[in-house]
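Just follow the structure's listing: the first ligand is 1, and inside any ligand the first atom is 1. These values consider heavy atoms only, across backbone and side chains, with no hydrogens, waters or symmetry-generated copies.
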Amino acid sequence: MTVNLLGLTQKELAEFFVELGEKPFRAKQVMKWIHQLGVSDFNDMTDVAKSLRDKLTQLAVVAVPKLLNEQLSSDGTRKWLLELTPGNAIETVFIPEDDRGTLCVSSQVGCALACTFCSTGRQGFNRNLTTAEIIGQIWWAYKALGKNPKGERVISNVVLMGMGEPLLNFDAVINTLSILLDDMAYGLSRRRVTLSTSGVIPALQRLQEQMPVALAVSLHAPNDALRDILVPINQKYPLKQLMQACQSYVKAGPRDFITFEYVMLKDVNDSDKQARELIQLVKDIPCKFNLIPFNPFPGSGYETSTSQRIKSFKDILVQHGFIVTVRKTRGDDIDAACGQLAGKVIDKSRRHEKFMEIEND
Ligand code: SAH
Ligand code: SF4
């Protein structure tokens with residue numbers, strides 16, 4: 001069986017080379033070729049001995065997802081549609097800003113958690129992505145964007161905020177993080193990699209122990225009654241437990257705060273009273289807020305809060321000393337905004353039959 005080297009961590013790659021009777025340091029060399037130089041053909045890895053290149057050509061591949069489409073928004077946002085297997089495709093988005101460039105990657109095809117305002121959630125769940133498929137998104141984007149005139153990588157930050165719930169694809173995500181943080185690959189600091197979760201608490205605790213990167217938690221409601229509806233996983237892991245898990249994470253994480261994401265849904269979660277309730281909820285946690293104007297999609301049944309309402313909600317939080325950002329909608333013209341990533345999902349969960357800005361510097 002041929003091994004796909006794209007998704008191997010440095011440790012796994014070193015083990016692979018040892019099995020081949022090679023020196024483990026070859027792993028570093030090959031990682032650099034794959035991830036830093038964007039090379040997928042072993043014959044192009046010129047400082048690797050010819051005999052090893054031949055061996056690799058026989059036993060291994062660097063298999064990247066197939067690029068189906070690339071779109072560029074008028075505001076500079078880019079979106080790539082990548083095919084995994086026939087019928088299944090995922091989307092990856094790059095968002096340029098003045099001081100950083102953020103790549104938003106997907107971790108699953110679809111999502112099983114069925115948050116009611118999320119287009120991905122409405123599509124149901126198909127499958128987890130492999131590490132190679134998650135890294136494949138980053139590989140393509142790095143290759144497409146390269147370096148800026150100062151010689152710095154255009155992508156400075158990566159957020160696991162595309163399709164899917166990263167903590168429900170734990171092992172592949174941990175290996176992805178390991179490659180992202182590896183100096184032989186993407187060399188990002190923990191502060192520049194953010195994982196966004198709707199609050200899968202046991203997995204959050206494992207992340208804290210194994211690979212604490214910056215954390216964003218999708219809160220969206222100030223109490224259990226409302227969150228049970230908007231973010232159904234709340235029925236299993238309610239807010240009290242979630243707040244405790246966040247408190248604990250801050251101590252281990254690379255940043256001294258958690259980012260709480262809060263989607264602004266008209267007449268659902270956007271009143272002044274709810275803002276005050278929210279303040280009470282998070283009072284023991286060092287945090288920042290990222291208010292996300294709801295991005296509509298057909299048949300969602302929700303509307304976006306008015307900008308006046310968002311301002312009033314924000315002001316209450318700010319008056320209580322919180323740092324609050326309101327996420328600008330980017331890539332509107334190419335459907336690249338938060339919660340609009342659709343890709344192509346063949347729903348295997350059949351759930352519908354049963355019921356139912358990031359602070360990286
Ligand atoms: N599953 C993870 C990460 C992917 S979703 C999570 O839920 O955190 C990334 C962010 O987009 C989450 O905060 C999510 O709540 C938000 N989101 C989903 N649908 C949205 C929509 N239609 N409009 C605005 N934000 C949305
Ligand atoms: Fe899944 Fe996140 Fe969408 Fe909820 S918001 S359905 S957890 S992708």
Establish, for the pair Arg206 and Phe170, whether the NZ or CZ atom is under 6.0 angstrom from the six-membered ring centre and no further than 45 degrees off its axis. yes

Pick from Thr120, Thr197, Ile233, Val231: which one makes a side chain to side chain contact (heavy atoms under 4.5 Å, CB included) with Leu113? Ile233

Taking only non-hydrogen atoms of Gly164, do any sit less than 4.0 angstrom from ligand 1? yes

Looking only at heavy atoms of Gly162, does any of them come nearer than 4.0 Å to an atom of ligand 1? yes

If we ignore hydrogens and angles and just use 3.5 Å, is the side chain of Arg227 paired with the main-chain N or O of Pro238 as donor and acceptor? no

Taking the side chain from Thr77 and the backbone from Ile95, do they hold a donor-acceptor pair closer than 3.5 Å? no

Counting from 1, what ligand 1 atoms have a heavy atom of Thr197 closer than 4.0 Å? 6 (C), 8 (O)

Cys118 neighbourhood, listing ligand 1 atoms whose heavy-atom distance to it stays under 4.0 Å: 18 (C), 19 (N)

Option whose closest heavy atom lies nearest to atom 15 (O) of ligand 1, chosen from His220, Arg122, Met264, Glu261: His220

Using the side-chain hydrogen bond (donor to acceptor under 3.5 Å, both in side chains) rule, take Trp33 and Asp44 through it: C-alpha gap first, then chi angles, then the decisive distance, then the call. CA-CA 9 Å; Trp33 278 109; Asp44 294 337; over 6 Å; no

Salt bridge (Lys or Arg N to Asp or Glu O under 4.0 Å) partners of Glu133, counting only residues at least two apart: Arg127

For a 4.5 angstrom cut-off between non-hydrogen side-chain atoms, does Arg122 reach Ser119? no

For residues Leu129 and Gln137, determine if any side-chain heavy atom of one lies less than 4.5 Å from a side-chain heavy atom of the other. yes

Tell me the residues surrounding ligand 2, counting only those with a heavy atom closer than 4.0 angstrom, sorted by chain and number. Cys111, Leu113, Ala114, Cys115, Cys118, Gly121, Gly164, Glu165, Ser198

Looking only at distance, does Ser119 have an N or O less than 3.5 Å from an N or O of ligand 1? no

Under 3.5 Å: N/O of Phe294 near N/O of ligand 1: no

Out of Lys314, Arg309, Gln308, which one pairs with Ser312 under the side-chain hydrogen bond (donor to acceptor under 3.5 Å, both in side chains) rule? Arg309

Side chain, backbone, both or neither: Asn295 near ligand 1, heavy atoms under 4.0 Å: both

Note: Leu113, heavy atoms under 4.0 Å from ligand 1, region reported as neither

Minimum heavy-atom separation for Arg53 to Thr57, with atom names? O-OG1, 2.7 Å

